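First comes the structure, then the notes that go with it.
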Amino acid sequence: MAKSRGENGPRSPGPGGSLSGTRESLVPGPDAASATDELSSLGSDSEANGFAERRTDKFGFLVGAQGDPGALEEVPLEVLRQRESKWLDMLNSWDKWMAKKHKKIRLRCQKGIPPSLRGRAWQYLSGGKVKLQQNPGKFDELDLSPGDPKWLDVIERDLHRQFPFHEMFVSRGGHGQQDLFRVLKAYTLYRPEEGYCQAQAPVAAVLLMHMPAEQAFWCLVQICEKYLPGYYSEKLEAIQLDGEILFSLLHKVSPVAYKHLSKQKIDPILYMTEWFMCAFSRTLPWSSVLRVWDMFFCEGVKILFRVGLVLLKHSLGSSEKLKACQGQYETMERLRSLNPKIMQETFLVQEVIELPVTERQIEREHLIQLRKWKDTRGELQYQSPPRLHGAKAISEAEPAPWKALEPSPSIRLPPGTQLPAVGTKSRQQKQAEKAHQKAMKEKAKKQPPPQPSPSAPSQAGGAGPEAPPQGPGPKAAPGAEDTDTKDSRHHSKESLTSQESEDTYL
């Protein structure tokens with residue numbers, strides 16, 4: 001892929017500064033300091049510790065390394081504290097906000113994530129935090145593995161090229177370069193079929209500026225698999241398809257720029273590869289990079305399309321601007337050295353927000369360009385997974401794991417109390433049940449027999465002279481007395497059975 005010539009462009013390594021493929025070898029030996037040139041000695045340990053009194057800006061870059069950054073958007077301190085409080089509230093109940101108030105999250109990402117919470121917010125937005133929870137210890141396992149020497153050599157050659165004027169990466173063999181090596185090596189082991197692509201290095205470096213190595217690794221995995229699938233595969237087919245999508249959308253956004261690029265026969269792959277594969281981290285001023293990444297993690301790849309369309313529209317979108325771009329060379333130079341005014345944070349972010357390019361348009365163009373690709377070049381050699389458009393789609397595809405509910409006891413026993421095993425009874429319980437059953441049986445035996453019915457004829461000897469004469473009266477049904485006796489006994493047995501069952505349950 002093409003490399004930019006700006007502040008983060010390639011620099012030749014100093015003599016004697018080669019690295020051998022292990023994390024330990026990233027630290028230069030005692031004789032390496034005298035062999036390195038002036039540029040690579042810029043980040044010696046003494047200077048990195050502050051003894052050289054090198055000043056850095058609020059982003060961590062050495063003062064003057066980025067040239068004139070232009071007017072930076074300064075957020076008042078009171079507003080910044082309010083935004084931090086709102087973001088803390090969202091992050092502490094993230095699932096609820098993502099499920100019910102996603103539009104509010106998008107609006108706050110467009111305003112800019114507070115710097116103190118940007119790294120944490122990126123992990124939540126990208127799903128990197130969920131990925132880390134689902135794979136505990138995986139990064140440590142990959143980190144301790146030796147890795148493929150083929151990729152290790154390429155990674156080592158690229159380390160010193162990534163933001164060489166940032167305080168994290170200014171020291172050759174310093175902690176920033178070591179962490180970058182670890183993250184990139186781990187990805188080659190995690191996805192050996194993809195390996196390593198040079199464009200992954202600046203993306204991983206930006207992540208490391210905001211979070212530790214393990215979290216940066218899982219965010220990189222999400223970018224490569226969910227946001228930009230297939231971008232870093234061997235044939236770069238996905239980025240070529242997106243180049244055709246960008247060019248087709250340009251026809252609707254800026255017909256003048258579209259006509260000029262078509263006339264000059266400039267293929268989109270010539271100017272948009274580095275833009276998209278590095279997510280504009282090597283193209284825009286740093287304040288604009290961070291704002292673009294805030295929206296990119298929330299809304300997905302459509303932000304990259306919008307940024308690219310805004311840059312093309314304001315660079316080649318009028319006849320006056322095309323006067324200095326009569327040929328192919330002049331047009332490419334214009335796109336390599338963009339006007340700082342159109343890259344300024346406030347202007348660019350507002351243009352990106354207002355540009356009407358949606359996920360549906362991108363997916364429709366993707367199907368059209370994929371059909372054209374198959375007609376002209378055949379089937380894709382690398383079948384990448386479907387692209388997910390932003391944090392909402394990722395959270396729905398990979399929900400956070402829920403913890404199992406644990407029962408909370410309503411009776412709390414003092415510590416050290418031993419409970420009987422489930423389904424067993426203590427000796428005291430068994431003795432109490434036997435005594436109760438014995439008492440119930442004795443009570444049933446002592447129960448008096450049933451009294452005779454009042455209508456039954458009285459005995460002759462028991463009738464007094466004043467007793468009224470007894471009429472014939474109705475006769476009792478035969479066997480009634482026996483039935484009453486049986487019912488009474490049956491009732492006693494039922495009571496005993498029910499009591500026994502209750503005692504057994506207790």
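Only heavy atoms go into these numbers, but all of them, side chains included; no hydrogens, no water, no symmetry mates. Quick caveat, the model's predicted, so the values are computed rather than measured.
Looking only at distances, no side-chain donor or acceptor of S145 sits under 3.5 Å from a matching main-chain atom of G147. Listed for the R55 side chain is no donor-acceptor partner under 3.5 Å among the backbone atoms of V63. Side-chain atoms of K185 come within 3.5 Å of backbone atoms of D143 as a donor-acceptor pair (strictly under, hydrogens ignored). A donor-acceptor contact shorter than 3.5 Å is absent between the side chain of E194 and the backbone of T188. A distance-only check finds no donor-acceptor pair linking the side chain of H251 to the backbone of F247 [under 3.5 Å]. Side-chain atoms of S288 never come within 3.5 Å of backbone atoms of L284 as a donor-acceptor pair (strictly under, hydrogens ignored). The backbone N or O of V256 sits nowhere less than 3.5 Å from a side-chain atom of K313 that would complete a donor-acceptor pair. Checking side-chain atoms of N339 against main-chain N and O of I342 turns up no donor-acceptor pair under 3.5 Å. No donor-acceptor distance shorter than 3.5 angstrom exists from the side chain of E330 to the backbone of A324, with no hydrogens or angles considered. Side chain of S85 to main chain of R81: no donor-acceptor pair is present (N/O by atom type, distance under 3.5 Å, no hydrogens or angles).
Between A201 and L180, the shortest heavy-atom contact is O-CD1, 3.7 Å. Between S315 and L335 the shortest heavy-atom distance is CB-CD2, 4.3 Å. Between E214 and L132, the closest heavy-atom pair is OE2-CD1, 3.2 Å. Residues A213 and V183 come closest through the heavy atom pair O-CG2, 3.6 Å. Between G173 and Q177, the shortest heavy-atom contact is N-OE1, 3.2 Å. The nearest pair of heavy atoms linking S281 to W293 is CB-CZ2, 4.3 Å.
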message = Between L236 and Y231, does the side chain to side chain contact (heavy atoms under 4.5 Å, CB included) criterion hold? Intermediate values first, please.
response = CA-CA 6 Å; L236 302 179; Y231 266 37; over 6 Å; no
request  = Go through the steps for F276 and F305 under the test ring pair (Phe, Tyr, Trp, His ring centres under 6.0 Å), then give the verdict.
outcome  = CA-CA 8 Å; F276 277 53; F305 280 100; 5.1 Å; yes
query = Step by step, would you call C298 with M295 a side chain to side chain contact (heavy atoms under 4.5 Å, CB included)?
reply = CA-CA 5 Å; C298 182; M295 295 185 291; 5.8 Å; no
request  = Might you work through the salt bridge (Lys or Arg N to Asp or Glu O under 4.0 Å) test for R387 and D242, ending with a clear yes or no?
outcome  = CA-CA 12 Å; R387 177 157 51 196; D242 278 359; 2.6 Å; yes
request  = May I have the step-by-step check of side chain to side chain contact (heavy atoms under 4.5 Å, CB included) for I394 and L125, ending in yes or no?
outcome  = CA-CA 8 Å; I394 292 174; L125 288 165; over 6 Å; no
request  = Begin with the C-alpha distance, continue with both residues' side-chain angles, and end with the deciding distance and a verdict on side chain to side chain contact (heavy atoms under 4.5 Å, CB included) for F217 and K131.
outcome  = CA-CA 10 Å; F217 168 75; K131 206 76 172 176; over 6 Å; no
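Side-chain atoms of Q240 and R377 include a donor-acceptor pair closer than 3.5 Å. Side-chain contact check for E354 and Q350: at least one donor-acceptor pair (N or O, by modelled atom type) lies under 3.5 Å. Side-chain contact check for E84 and S116: at least one donor-acceptor pair (N or O, by modelled atom type) lies under 3.5 Å.
The shortest distance between side-chain heavy atoms of L380 and K374 does not fall below 4.5 Å. Counting heavy atoms from C-beta outward, M277 and C197 have side chains that approach closer than 4.5 Å. No side-chain heavy atom of V170 sits under 4.5 Å from any side-chain heavy atom of F165. Inter-residue side-chain proximity for Q198 and R161 is flagged as met; some heavy-atom pair is nearer than 4.5 Å. Proximity of M332 to C325: side-chain heavy atoms (C-beta onward) are nowhere separated by under 4.5 Å. By the 4.5 Å heavy-atom criterion applied to side chains, V357 and L249 are counted as neighbours. In this structure, the side chains of K341 and F347 stay at 4.5 Å or more apart for every pair of heavy atoms.
Atom CG of L290 is separated from atom CH2 of W122 by 5.5 Å, given to the nearest 0.5 angstrom. Rounding to the nearest 0.5 angstrom, the gap separating the CG atom in L184 from the CG atom in D158 is 8.5 Å. Going from atom CG of D267 over to atom OH of Y271 covers 7.5 Å, rounded to the nearest 0.5 Å. How far CG of L88 is from CG of L117: 5.0 Å, rounded to the nearest 0.5 Å. Going from atom CD of Q215 over to atom NE2 of H210 covers 14.0 Å, rounded to the nearest 0.5 Å. Note that CG of D140 is 11.5 Å distant from NZ of K138, once rounded to the nearest 0.5 Å.
Between F169 and F163, the ring-plane angle classifies as tilted under the 30° and 60° cut-offs.
Ring centers of Y196 and Y232: at least 6.0 Å apart, outside the cut-off. Aromatic ring centres of Y227 and F297: separated by under 6.0 Å. Here the two rings, on W286 and F61, have centers that are under 6.0 Å apart. The aromatic ring centres of W218 and Y187 sit 6.0 Å or more apart.
Contacts of Q328 classified as side-chain hydrogen bond (donor to acceptor under 3.5 Å, both in side chains), with partners at least two apart in sequence or in another chain: none. Under the ring-ring contact (aromatic ring centres under 6.0 Å, His included) criterion, W94 pairs with Y124, not counting sequence neighbours. Under the rule for a side-chain hydrogen bond (donor to acceptor under 3.5 Å, both in side chains), the partners of H314 that lie at least two apart in sequence or sit in another chain are E351. Under the rule for a side-chain hydrogen bond (donor to acceptor under 3.5 Å, both in side chains), the partners of T331 that lie at least two apart in sequence or sit in another chain are H260. The side chain to side chain contact (heavy atoms under 4.5 Å, CB included) check on A257 picks up L250, S254, L316, with sequence neighbours excluded.
Salt-bridge formation is not detected for the pair D89/K96: no Lys NZ or Arg NE/NH1/NH2 atom is positioned less than 4.0 Å from an Asp or Glu carboxylate oxygen. A salt bridge does not link K392 with E359: none of the charged nitrogens is closer than 4.0 Å to a carboxylate oxygen.
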Counting only pairs under 3.5 Å, give me each side-chain donor-acceptor contact of residues 105-115, with atom names and distances, residues two or more places apart or in other chains.
from, atom 1, to, atom 2, distance (Å)
Q110, NE2, E299, OE2, 3.3

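Open room surrounds CD on E78; 12 or fewer heavy atoms of other groups in view lie less than 6.0 Å from it. Atom CD of E234 has 12 or fewer neighbouring heavy atoms from other residues, nucleotides or ligands inside a 6.0 Å radius.
A side-chain hydrogen bond (donor to acceptor under 3.5 Å, both in side chains) with H389 is found for one member of R360, E363, K226 and no other, namely E363. Each of K372, E365, Q361 was evaluated against S248; a single residue qualifies, E365, per the side-chain hydrogen bond (donor to acceptor under 3.5 Å, both in side chains) test.
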